[in-house]
Number of protein chains: 2
Amino acid sequence: VATDRGASLLPSWREGDARSAILAFVERVTSSGSAGFVPPAARIAVFDNDGTLWSERPTYTQAFFVIDRLRELAASDPALAARPVVRALLAGDLHGAFALGADEVGDVALLAHAGLTVEEFATAATAWFASAVHPTLGVPFTRLVYRPMLELLDLLRAHEFRVFIVTGGGVDFVRAVSLDLYHVAPDDVVGTAVDVAFERRDGVVHLVRQAALGRGDVNEGEPKARAIHAHIGRRPILAAGNSAGDREMLEYATTGAGSTLGIVIDHDDAEREFAYESRSATDPGAEPILETAVRLGWTVVSMARDWVTVFPD
Amino acid sequence: VATDRGASLLPSWREGDARSAILAFVERVTSSGSAGFVPPAARIAVFDNDGTLWSERPTYTQAFFVIDRLRELAASDPALAARPVVRALLAGDLHGAFALGADEVGDVALLAHAGLTVEEFATAATAWFASAVHPTLGVPFTRLVYRPMLELLDLLRAHEFRVFIVTGGGVDFVRAVSLDLYHVAPDDVVGTAVDVAFERRDGVVHLVRQAALGRGDVNEGEPKARAIHAHIGRRPILAAGNSAGDREMLEYATTGAGSTLGIVIDHDDAEREFAYESRSATDPGAEPILETAVRLGWTVVSMARDWVTVFPD
């Protein structure tokens, strides 16, 4: 039965309410003849990335990628180097950078890789992931994925779920490593998109990144639910997140007909990862997601109590 | 070898240049060790829908769906029934309707299903496909898919290609039947999207269709290439289309590195389907796609000469 298969597939999860809720959900959804059965085609699961599948502290992984690129550009561009927001970012002063305005940070973030073709960007992102190391944990960023969550993705796929990543991060940044890190194909990643221009150069078509967002908004909050529809076309039956920016996506998934499961990761493990209250990136005044989870009956996963191990060996 | 497998998989294709080009391409791409080998993860194939996978005459299938809905709405909405564009559409006078302005037609088309949740729309589309019959051919629209193209999709999937539909039509309309007709999952359909609003009703989230286009433009021309990147994230190695609106998508696919194939369907079979010169829906002055195909070395498929049969039995 699903539960037994699950037990062997979730070795990094401790016995407890969270693990039980996940296994019971998978059992219910996949037991033909049961009231909660969901046919495979409708087994859509969506996962936030930053803070849900990989670590997001002291800030989003992509910020380090952008800062490294700005450092390169600033070396030969004095005007860029002189911009206060760039100086703050290059000094590692994220608080100071954001104090100059989130728009200002967003502008230089978009500027950092503007002008690259989408293939050049993918190459740059792949190269960066191959060498970049987390500033305080001292390990490659690619090692900072949550092992229990990788097991959960595998468990779902073993039960004919389709697994999608729905991130507020840059879709092309995450796509560069989604297959390697999560076994999620690039086309199964939904995220914030940068505008691209269609250019012909000597007869060859290139899509060139612009210093502006593309289709859709920053992929947080309601846009996440709308992007799920735009990209996937079906309502998920499982959604997992860790911040108020994931709330609407979880509400969308868990208020559909039939069996559903909402999962919220609680970052309460200062020893093995970080302890913090997740906040919406776009709406700092939003209800904390842990309160929403309790109110709406979602499954809260305590990193400290529910996970035997946090990161891969 | 691939060619032999292909021979048994393309029974509706006559011996000839088009069939040979397709089989040679599949052979080249899938032969490990050959110079043209492409690893499975990069075997992305994109297909236009109207006029490439199913018939588009006398007009797009979706237009009949919209007109049937407008007829329902007009029965209880005298103001709508009195609009000249609606009167023309309900009288089957497409030429007269478009003479009032493409924007006017677009407006009522968007209006037709505005206010429906995405689930209600999917149900309506599925129900319509179950009963609607082509006005001159007298068979269900679902029978007007091209059998040789279904065989091609199967051939590609049998050789570890990922097959996507990239349509100028409404993405949610095509998604309603993509799995049944083409064995293409809804999330592997890219098309023109309608804006949806995020609404909570008694605690349940609904995404409600608005009378406006959503993310991106009408999915024709350059937007098709950009949408491929936004949705799939990789450059295709095979693209098939039949109108000038598919040109940029074919250029994007066929100017990438390595083995590529561009396919253009020539509607030259008045007896079994329709004979017409395909034009861009959004740019009537564009170079005819058959001329582009010759100029850029794409494979032209003559429906009259290359296909043993056009439709399924």
Side-chain angles (χ1 to χ4, degrees), chain A residues 41-42 44 117-119 122 162 164 171-172 174-176 178-179 185-191 193-207 209 214-217 221-235 247-257 296, chain B residues 41-42 44 117-119 122 162 164 171-172 174-176 178-179 185-191 193-207 209 214-217 221-235 247-257 296:
Chain A
I44 306 293
T117 68
V118 295
E119 276 118 349
R162 291 284 313 281
F164 295 84
V171 63
D172 291 331
V174 177
R175 280 173 171 164
S178 63
L179 199 58
D187 51 289
D188 291 339
V189 180
V190 183
V194 158
D195 193 21
V196 296
F198 181 98
E199 291 185 11
R200 292 182 184 90
R201 299 177 187 165
D202 298 326
V204 175
V205 169
H206 293 283
L207 299 182
R209 290 172 66 95
R215 304 162 29 135
D217 310 288
E222 290 186 8
K224 277 202 172 184
R226 292 200 299 264
I228 286 168
H229 177 68
H231 193 107
I232 304 174
R234 289 168 294 191
R235 190 192 290 250
R247 171 180 162 165
E248 286 80 2
M249 167 172 95
L250 272 99
E251 282 187 80
Y252 182 48
T254 58
T255 60
L296 298 180
Chain B
I44 305 293
T117 68
V118 296
E119 276 119 347
R162 291 285 312 280
F164 295 84
V171 63
D172 290 332
V174 177
R175 280 173 171 165
S178 65
L179 199 57
D187 51 290
D188 291 340
V189 181
V190 183
V194 159
D195 193 23
V196 295
F198 181 99
E199 291 185 11
R200 292 183 183 91
R201 299 177 186 165
D202 298 326
V204 175
V205 169
H206 293 283
L207 300 182
R209 289 172 66 94
R215 301 162 30 133
D217 310 289
E222 290 186 9
K224 275 201 175 186
R226 291 200 298 264
I228 286 168
H229 177 68
H231 193 107
I232 304 174
R234 288 167 295 190
R235 190 192 289 250
R247 171 181 163 165
E248 287 79 1
M249 167 173 95
L250 271 97
E251 281 187 79
Y252 182 48
T254 58
T255 62
L296 298 180

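Note on naming: letters A, B, ... go to the chains in the order of the sequence lines (proteins, then strands), and numbering restarts at 1 for each one.
Proximity to chain A (any heavy atom under 4.5 Å) is shown, for Glu248(B), by both the backbone and the side chain. Contacts of Ala193(A) with chain B are absent, with no heavy-atom separation under 4.5 Å from either backbone or side chain. Contact of Asp217(B) with chain A is not made at all, since no heavy-atom distance falls under 4.5 Å. The contact between Ala230(B) and chain A is made by backbone and side chain atoms together, counting heavy-atom distances below 4.5 Å. Looking at Ala227(B), both its backbone and its side chain come within 4.5 Å of chain A, counting heavy atoms on both sides.
Proximity of Ile232(B) to Arg162(B): side-chain heavy atoms (C-beta onward) are nowhere separated by under 4.5 Å. Side-chain contact check for Thr255(B) versus His206(A): every heavy-atom pair is 4.5 Å or farther apart.
Between Val190(A) and Val171(A), the closest heavy-atom pair is C-CG2, 4.2 Å. Annotation for Arg234(A) and Ile228(A): closest pair O-CG2, 3.9 Å, computed over non-hydrogen atoms.
Taking the six-membered ring where the residue is Trp, Phe164(A) and His231(A) present perpendicular rings, their angle passing 60° and hence far from 30°.
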